Amino acid sequence: MDTDGTRDQVYEDGNALGGPLSEIFAVDLTAAVGRCAGCGATGPMARLRVYDRAPGLVARCPDCGRVVLRLVRGPDTAWLDLQGASSLAIPLGPPS
């Protein structure tokens, strides 16, 4: 147990999603600002807590712990679940 009474959990920050998500999207989603569907907290995807000891990646809200994103990569398919995000603002830059 941690000193705050929660379980010991090993996770990385949301930057761990950068490589796997770059296979799917042409933009860097770690800079995108998401809103947690559970508590309404907003912040960059890089702020999420990413757990990689599952079949895939599980990213949780750092404020309430709700699952925001799940990403599973198979040999020729990726499954992306964003049920825990109520919105995602993706910076694209000015149109060319």
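Fair warning: this is a prediction, and the values are worked out from it, not measured in the lab.
Of all the heavy atoms in Cys64 and Cys61, the pair that sits closest is N-SG, 3.5 Å. What you find for Leu57 and Pro20 is that their closest heavy atoms are CD1-CG, 3.7 Å. Taking each heavy atom of Arg60 and Gly65 in turn, the nearest pair found is NH1-O, 2.6 Å. Minimum heavy-atom separation, Gly19 to Ser22: O-OG, 2.6 Å. Closest of all the heavy-atom pairs between Asn15 and Ala46 is OD1-CB, 3.5 Å.
Side-chain contact between Arg47 and Asp63 is present, with heavy atoms from C-beta onward closer than 4.5 Å. At least one side-chain heavy atom of Leu71 sits less than 4.5 Å from a side-chain heavy atom of Ile24.
Residue Arg70 places its CZ atom among 12 or fewer non-hydrogen atoms of other residues, nucleotides or ligands, all under 6.0 Å distant. No more than 12 heavy atoms of other residues, nucleotides or ligands shown are found within 6.0 angstrom of OH on Tyr11.
One hydrophobic cluster, built from ILVMFWY side chains closer than 4.5 Å, holds both Ile90 and Leu48. Note: the hydrophobic cluster containing Val68 also contains Leu21 (ILVMFWY, side chain heavy atoms under 4.5 Å, direct or indirect links). Linking Ile, Leu, Val, Met, Phe, Trp and Tyr whenever their side-chain heavy atoms come within less than 4.5 Å leaves Tyr51 and Met45 in two separate clusters. Put simply, Val72 and Leu82 are part of two different groups of oily side chains (I, L, V, M, F, W, Y) that touch within less than 4.5 Å, one to the next.
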Donor-acceptor pairs under 3.5 Å, side chain of residues 28-40 to any protein atom, not counting sequence neighbours: which ones?
unit_1	atom_1	unit_2	atom_2	d
Asp28	OD1	Thr30	N	3.0
Asp28	OD1	Thr30	OG1	2.6
Asp28	OD2	Thr30	OG1	3.1
Arg35	NH1	Gly40	O	3.1

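For the atom pair Gln83 CD and Leu69 CG, the distance stands at 11.0 Å (nearest 0.5 Å). Trp79 contributes atom CH2, which lies 9.5 Å from atom CZ of Arg73 (distance to the nearest 0.5 angstrom).
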